[in-house]
Amino acid sequence: MHLPPEDRTLSPYTGWTRTHWEAAADALLAAVLPYAGPRHALIDLPGPRPSWSGRRSDGLEGYARTFQLAALRVAGAGGADPHGLMERYAEGLDAGTRTPTTERDLADGDMTSWGVITDRCQAMVEASTVALGLRLTRPWLWDRLDDGVRERAGRWLAGALRHKPHDNNWSLFPLTVGGFLAEAGIETEAAHAAVERGLAKIEQWYLGDGWYTDGRPRAFDHYNGWALHLLPVLHAHLAGDQALLAVYGDRLAAHLDGYAATFGADGAPVHQGRSLTYRFGTAAALWAGALTGRTPLTPGTTRRIASGALRYFLDRGALDERGLLTLGWHGPYAPLVQPYSGPASPYWSACGFLGLLLPPDHPAWTAPEEPAPAERADHVRALPHPGWLVQSTAADGAVRLHNHGSDDQPRDETLPDNPLYAALAHSTVTGPTTDLPDNHFGLETDGEISERGRIAPLGTGPGWAASTHRPLPSARITSLTLAHGADELRLHVVTGAEPGTPVVHGGWAVSGEGEIRTAIHDTDSGPVARAVTDDGLRSQAGAVHGLTEAQVRHSREATAFGPRAAAPILRGTTPTDAPCLFAATLRLDGPGAPEPATQPHVTITPQQPALWAVTVTWPDGTAHRATLAPGKVEVTETPA
C-alpha cells in the first residue's frame with residue numbers, strides 16, 4: 001500500500017490526513033479486482049474455507065462489501081471516478097440480479113447470478129449493503145442504468161422486504177433496503193413498512209444513554225456503534241428526516257460519549273465481542289457523529305481516533321501479501337472467525353471509511369488532531385447499561401474494560417461461555433487464550449473450571465462494577481471489581497460450594513513474539529505472579545484473601561496478539577460450605593508504563609457471617625470502601 005508522506009503538523013498523533021484515507025481505499029479496491037468473476041458480479045476472494053452459506057454467497061459478499069467502499073470513495077469525491085468503479089459495479093448489479101431463463105443464461109448465471117433472498121439468508125445482509133451503496137451513488141450509478149436493469153435490481157432487493165431476518169441487528173437490513181427503494185419509488189408501501197418494522201424492533205432493545213442490546217438480553221459489543229446506531233442514523237441523514245435524526249442522532253451522541261474511551265492510544269479498539277475481523281469498522285460510528293453533527297467529540301478528536309484505528313490494523317499485518325484483508329485481528333487468526341464469515345467478510349470494515357462523505361474542508365479533516373481520551377489522563381469510567389467499567393492509563397495508552405454485564409446468552413437457554421463476552425475483563429492490548437482461565441474466576445470440579453454463564457449486573461459507580469452469576473446449579477458467585485490508575489482489586493463471594501472446592505482466579509494473559517518472562521514472589525498478603533513480554537507488556541496478579549497459591553501458566557496456542565501467551569493464575573479452596581470471600585489485586589501495564597512505586601493497601605474485616613467490609617487505599621491516597629454479601633454490593637469512594 002503506497003501512501004502519501006505523513007503530515008505531523010495537521011495530524012501530530014497519527015500523521016494521517018484525508019489523502020491517506022483515499023489512498024488506503026484505492027489500494028483496498030485495487031487489490032480485490034483480480035478476483036472479480038465474469039461481469040464483476042461475484043468477487044471470489046481466496047481464503048482458508050468458505051462460510052457456511054457457500055461460495056456463491058461469499059462471492060456476493062465480495063461484491064457487496066467492496067461496493068460499499070467504492071460507493072463511499074466515489075460519493076466522497078463528488079462523483080469523480082478515475083478508476084471506473086461505478087461502471088464495474090453497475091455491470092455486476094446487472095449480471096448478479098439476472099434470473100437464468102435459457103440454457104445460455106443458465107450457463108452464464110452459474111458464474112454470475114446472486115440467487116434469491118430468502119428468510120434469514122446471508123443475501124439479506126448483502127442486499128442492505130448493495131442498497132446503501134446505490135443510495136450513496138445514485139447520480140453516478142443507479143440513475144444511469146437502463147430501466148430494465150433498475151426494475152430487475154429493484155425486484156431482487158425487494159426480496160429483503162418480504163422475508164424474515166434474524167432477531168438481532170439483522171432487523172436493520174430490510175430497513176436499509178427499504179430506505180433506498182422508497183427513495184427510488186420501488187414498492188414504496190412495502191419499503192416504508194420495512195423501515196418502520198426495523199425501527200420498532202430496535203426500540204425494544206434500547207436501554208438508554210446510547211446503548212442497545214443486540215437481540216439477546218445482555219449482548220453488548222462494538223455492534224452498538226457500527227450496526228445498531230449507524231444504519232438508522234444514516235437512513236435519517238440520507239432521507240433528510242430531521243425528526244428521526246433528532247432521535248437516533250441524539251442516541252448516537254450519547255453512545256459516542258463513552259465509546260470514544262474504549263480506544264487505546266495506539267488506535268486499537270477494545271478486543272471484545274463478535275465479528276472482530278471487521279477491525280476498523282469501529283470507526284464508522286465516530287464518522288457518523290461528525291457527518292450528522294451528533295457527537296460530543298471535537299473534529300480533531302474524531303479524526304485522531306478514527307485514523308488511529310485504521311493505522312493500527314494496517315500497520316500490524318491486517319493485509320496479506322496480495323493487499324487483501326485477512327480473517328483475523330492483526331493478521332490471520334482462526335479462533336476469531338465465526339462460521340458465517342467468508343473470505344470477504346472483513347470488508348464490512350468498509351463502513352469505517354464513512355468519513356470520506358465529509359467534504360475536504362470539513363473540520364474533521366482540517367482541524368489539527370487532538371488527543372484521544374485514553375491519552376489525556378488516567379481515567380476510570382462506569383457505563384451502567386452494559387455493566388462495564390472502562391479503565392485507561394495515559395502513560396501507556398492502554399484501555400481495560402471490566403465486564404459485569406455482557407454475556408451474549410440467549411433468553412431461554414444457557415450456552416457455553418464465549419470468552420469474548422464472558423471474561424471478567426478485556427483490553428486494547430490483550431486477547432483471550434483458548435486454553436487458560438485468563439480473566440476468569442471459577443470453581444474447579446473434576447479438573448473442569450466452571451463457566452460464568454448468564455451474568456446478572458449489580459450496578460456500577462465511580463471506580464467500581466459488580467455482578468453475580470451461577471457457576472453451578474447450587475452455587476452463586478458475587479463479583480466486584482474496584483479500579484484506580486492501572487490497579488485493580490477483584491473480590492468474589494462464593495455461596496453454596498462444597499467445602500474444599502478448588503477455586504481458580506486467572507489474571508490478564510499477555511502475548512508477544514518472543515519469550516515471556518515470569519516471576520513469583522511472596523508478600524505480606526500472599527504470593528504474587530507476574531508475566532512480562534519481550535516488549536514490556538506486564539501482567540501481575542497477587543493473592544490478598546482466600547487465595548494461597550500463585551503460578552504463571554503458558555498457553556499452548558497463539559492469541560490474536562501474538563504467537564506466545566502466558567497468564568498469572570491464583571488458586572485457593574473454599575474453607576466451608578458457608579459464604580466465603582476471595583480477593584486478588586491485578587495490574588496490566590502496557591509497554592512504556594513505569595513500574596509501580598507502591599502497591600494498593602487492602603484491609604478486609606468480617607462484619608458478620610456472609611458480610612465483609614473491604615477498604616482499598618490506592619497508591620495516590622484515593623480509597624474505596626465496600627461491603628459485600630451474597631448478591632449485594634455497596635461501594636463509596638474517598639478522593640485522595
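When reading the values below, keep in mind they use all heavy atoms of this one structure, side chains included, and skip hydrogens, waters and symmetry mates. Model, not experiment: these values are computed from the prediction.
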For this session: Fit a plane to each ring of His484 and His624, take the angle between them on a 0 to 90° scale, and name the class: parallel (under 30°), tilted (30 to 60°) or perpendicular (over 60°).
Result: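 Taking His624 first and then His484, their aromatic rings stand perpendicular (interplane angle over 60°).
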Exercise. What orientation do Trp211 and Phe220 show, parallel under 30°, tilted 30 to 60°, or perpendicular over 60°?
Worked result: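 Plane angle over 60°, so perpendicular.
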Could you tell me if [Y] and [X] have a donor-acceptor pair between their side chains, going purely by distance under 3.5 Å?
X: Thr433; Y: Ser555; value: no
X: Thr393; Y: Arg400; value: yes
X: Arg279; Y: Thr326; value: yes

Exercise. Do the numbers put Arg587 on top of the ring of Trp618, so that NZ or CZ is under 6.0 Å from the six-membered ring centre and no more than 45° off the axis?
Worked result: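 So Arg587 doesn't make the cation-pi contact.
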Exercise. Quick one: is the NZ or CZ of Arg490 closer than 6.0 Å to the six-membered ring centre of Phe441, and within 45° of its axis?
Worked result: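 Here Arg490 fails the 6.0 Å and 45° test against Phe441.
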Examine distances only and state if a side-chain atom of [X] and a backbone atom of [Y] form a donor-acceptor pair shorter than 3.5 Å.
X: Gln409; Y: Leu415; answer: yes
X: Ser392; Y: Ala374; answer: no
X: Asp396; Y: Asp589; answer: no
X: Asp417; Y: Ala422; answer: no
X: Asp214; Y: Asp221; answer: no
X: Tyr333; Y: Ala558; answer: yes
X: Thr501; Y: Thr574; answer: no

Less than 4.0 angstrom from a charged side-chain N to a carboxylate O is my criterion; do [X] and [Y] meet it?
X: Asp167; Y: Lys201; answer: yes
X: Arg316; Y: Glu513; answer: no
X: Arg274; Y: Asp408; answer: no

Problem set entry | Within the 6.0 Å centroid threshold, strictly below: Tyr212 and His385 |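 Not close enough - the centres of the two rings lie 6.0 Å or further apart.
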Exercise. Taking the six-membered ring for Trp, are His222 and Tyr278 ring centroids under 6.0 Å apart?
Worked result: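 No, they do not, as the ring centres are separated by 6.0 Å or more.
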For the atom pair [atom1] ([X]) and [atom2] ([Y]), what is the distance rounded to the nearest 0.5 Å?
X: Arg381; Y: Thr460; atom1: CZ; atom2: OG1; answer: 10.5 Å
X: Arg571; Y: Phe582; atom1: CZ; atom2: CZ; answer: 12.5 Å
X: Arg216; Y: Asn168; atom1: CZ; atom2: CG; answer: 8.0 Å

Problem set entry | Contact check, side chains of Pro437 and Arg553, non-hydrogen atoms, under 4.5 Å |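 Yes - at least one pair of side-chain heavy atoms lies under 4.5 Å apart.
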For this session: Could you check if a side-chain atom of His229 sits within less than 4.5 angstrom of a side-chain atom of Arg251, using non-hydrogen atoms only?
Result: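 In short, these two side chains touch, coming nearer than 4.5 Å.
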For this session: Could you give me the CA-CA distance, side-chain angles and deciding distance for Val614 and Leu480, then say whether side chain to side chain contact (heavy atoms under 4.5 Å, CB included) is met?
Result: CA-CA 11 Å; Val614 178; Leu480 168 65; over 6 Å; no
For this session: Given side-chain hydrogen bond (donor to acceptor under 3.5 Å, both in side chains), test Trp508 with Glu488 step by step and report yes or no.
Result: CA-CA 11 Å; Trp508 295 93; Glu488 311 160 32; 2.9 Å; yes
